Every structure is written in C-alpha cells, then in structure tokens.
2 protein chains.
Amino acid sequence: MTAIIENYWITILKSLAHPTRLQIVIELLNGTKCVTDIHEILPSSQANISQHLTVLRNARIVDFAQDGAQRCYYVCRPELIEGLLNLLRNEQPEIVQKKAQCCLRNREDGAE
Amino acid sequence: MTAIIENYWITILKSLAHPTRLQIVIELLNGTKCVTDIHEILPSSQANISQHLTVLRNARIVDFAQDGAQRCYYVCRPELIEGLLNLLRNEQPEIVQKKAQCCLRNREDGAE
DNA sequence: AAATCATATTCGAATATTCTTATATCAAAT
DNA sequence: ATTTGATATAAGAATATTCGAATATGATTT
C-alpha cells in the first residue's frame, strides 16, 4: 500500500488552515447562514468573508442554496468536517520514544 | 457551547497542508525514519526535508529520538494523524440543499 | 585533530496568501 | 427604471511561505 496523497487533501487542509475560514465552517455546522449573518458574527469585512467562502466552496467544503438575493451557505460534507474537529478537540498525549533505531545505515551488524 | 478555535489547530492544519510534509508524515506512520531515509524516498533536498521536519516538529506532529549522529523521526500523535488521514480517505458524498432558508432577514412574517 | 557522515540553519529570491478598497452584479422593492 | 439590499470580483499592497545555495553544527571514525 503505497502512500498516495490526493491533491484535494491538500486543498481541504489548506482551506481549513485559516482562522477565519475554520471559524466560518464551525458556525455553519451550527446551521445554515447567509453572508450577512456570518459578517455579523465574525470581525472580517463582507468582501473578505465572501472571499473565504469562495475558497471553502472551491474545496467543496461548503455550498450554498440561493434564496432570493441571499445565498444560504452550509457545510456540504459535515461528517468530514465534524470528524476533523472532533479529532482536534480530543487532544491526545504525545508519544515519546526515548530510543529508536530507525535504519541500519552505517551499522556493521546490519542484516539485509 | 461557543465555537472555540484553538490556535494550535491552525498550526496543525497548516503543517499538514503541504504535499511534502503530508508525505513525510505518511511515511513516518509506516515506521520511524531518519532524515536521510526520508531524503531517499522523497524528491526534495536534504535541507528542505529538514526544514519541513522543523515545521512538523513545531506543530508537535513529529518528534525524534537521537541515535548517534542520526535523528530518528516518528509521528508523536499517531491517532490524530491517522484519524485525519482516514477521514480524508473516506470520501463522502456531498450534501445538496436545494432550498434553504437560513435567516429571517427582510421577511414580513419573520417570527422572533 | 582531521575527515566524514548526518542534520540544521541562514539568507535571499521567487512565489503564494491575505486583506483592503473600490466597484460590479444581481435580485427585490419602490 | 431606479433604488436598495446582498453578495461577488478585481486590483494591488502587505505579508507569509517556500525552496535553493551556502554554510554551520555535531557526532563518529580514522
């Protein structure tokens, strides 16, 4: 099983790796919101919120339903996003390996 | 339950949101490796690998055990990283909301 | 102590991201 | 048709990230 990295994994991770965008996503998990709603909750400008929503939409993390002049944004892959957030919330203790022998480079007794 | 974003969530997400770094982490999940090992697997320069390892280490995603002149790197929060990767691997279908009414802005009948 | 192997750091250029300002689009109401 | 409310886009400055080249550090061997 070779380690395959899909390009869109990077896209998803990049999209979430910004405070405002992560906050937007968290807010949307609590319920569909239009741009003005989000603008009222977060301290960013309307244009900036809109730009971030475009990034999230390109990453297929959010989508919207048009309602008149409004666009009601929602998280279109809630399981993925909630799963990621849950993992981040469950801060686990770090493993410490005191001694590790990772490879046999430069060892006389290196078998094979 | 307010939506709290921890700074280190962003740090973790940012660290993983780079092809080389994500690849490094995936390789390390398969077993501890020193810098030269990683250098032999990935197409980046030694200096660059080292730089990326520093980023991952600052995010507390990897750590190393010194073994002579070598540094054997390993993923120090494997549950977190494997969890994230598993979520990314399980591509889930996107939800489509045809009609959404996200807020009662500008509606006569808007109750409360 | 000099040479060598393994790894890290510094510097700087190239590139990408972010945010602000201004403007454009588009639907609904007047 | 004009205005208004809601949202998007364009342009550009400010900032951050990335990576190569050169060099430094530190452990091991000779």
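Computed from a prediction, not measured in an experiment: that's the story for all the values here. Lettering of chains follows the sequences in order, A, B, ..., and the numbering in each one begins at 1.
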Rounding to an integer number of Å, can you tell me how far [X] [atom1] sits from [N] [atom2]?
{"X": "B/Asp67", "N": "C/dC5", "atom1": "CG", "atom2": "C1'", "value": "13 Å"}
{"X": "B/Ile24", "N": "C/dA8", "atom1": "CD1", "atom2": "P", "value": "11 Å"}
{"X": "B/Leu53", "N": "D/dT18", "atom1": "CG", "atom2": "C1'", "value": "15 Å"}
{"X": "B/His18", "N": "D/dA16", "atom1": "NE2", "atom2": "P", "value": "18 Å"}
{"X": "A/Gln70", "N": "C/dC26", "atom1": "CD", "atom2": "C1'", "value": "13 Å"}
{"X": "A/Asn48", "N": "D/dA6", "atom1": "CG", "atom2": "P", "value": "19 Å"}
{"X": "B/Phe64", "N": "C/dA8", "atom1": "CZ", "atom2": "P", "value": "7 Å"}
{"X": "A/Gln66", "N": "C/dT25", "atom1": "CD", "atom2": "P", "value": "16 Å"}

Main-chain N/O of A/Arg60 paired with A/Arg77 side-chain donor or acceptor, under 3.5 Å:
yes
Side chain B/Lys98, main chain B/Val96, donor-acceptor under 3.5 Å
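Flag not set: sc B/Lys98 to bb B/Val96 has no pair under 3.5 Å.
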Below the 4.0 Å mark, does [N] have OP1 or OP2 next to a side-chain nitrogen or oxygen of [X]?
{"X": "A/Arg71", "N": "D/dA8", "value": "yes"}
{"X": "A/Lys14", "N": "C/dT17", "value": "yes"}
{"X": "A/Tyr73", "N": "D/dA8", "value": "yes"}
{"X": "B/His39", "N": "C/dT7", "value": "no"}
{"X": "B/Arg21", "N": "D/dT18", "value": "yes"}
{"X": "B/Ser45", "N": "D/dG20", "value": "yes"}
{"X": "A/His52", "N": "C/dC19", "value": "yes"}

For B/Glu79, does the CD atom have more than 12 heavy-atom neighbours from other residues, nucleotides or ligands under 6.0 Å away?
no
Which heavy atom of B/Asp63 sits nearest a heavy atom of B/Arg57, and at what distance?
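Shortest heavy-atom separation between B/Asp63 and B/Arg57 comes out as OD1-CD, 4.0 Å.
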Categorize B/Ser50 for me: base, sugar-phosphate, or nothing, with a 4.0 angstrom heavy-atom threshold over every strand shown.
base
Between B/Val25, B/Leu22, B/Ile61, which is the residue that forms a side-chain contact (heavy atoms from CB on, under 4.5 Å) with B/Ser15?
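Output: one option passes, namely B/Ile61.
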B/Gln46 (side chain) and C/dA8 (base): donor-acceptor pair under 3.5 Å
yes
Donor-acceptor pair (no angle test) under 3.5 Å: B/Gln51 side chain, C/dT10 base:
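Side chain to base: pair found, below 3.5 Å.
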State which of D/dA6, D/dA27, C/dT18 makes the closest approach to the side chain of B/Ala69.
D/dA27
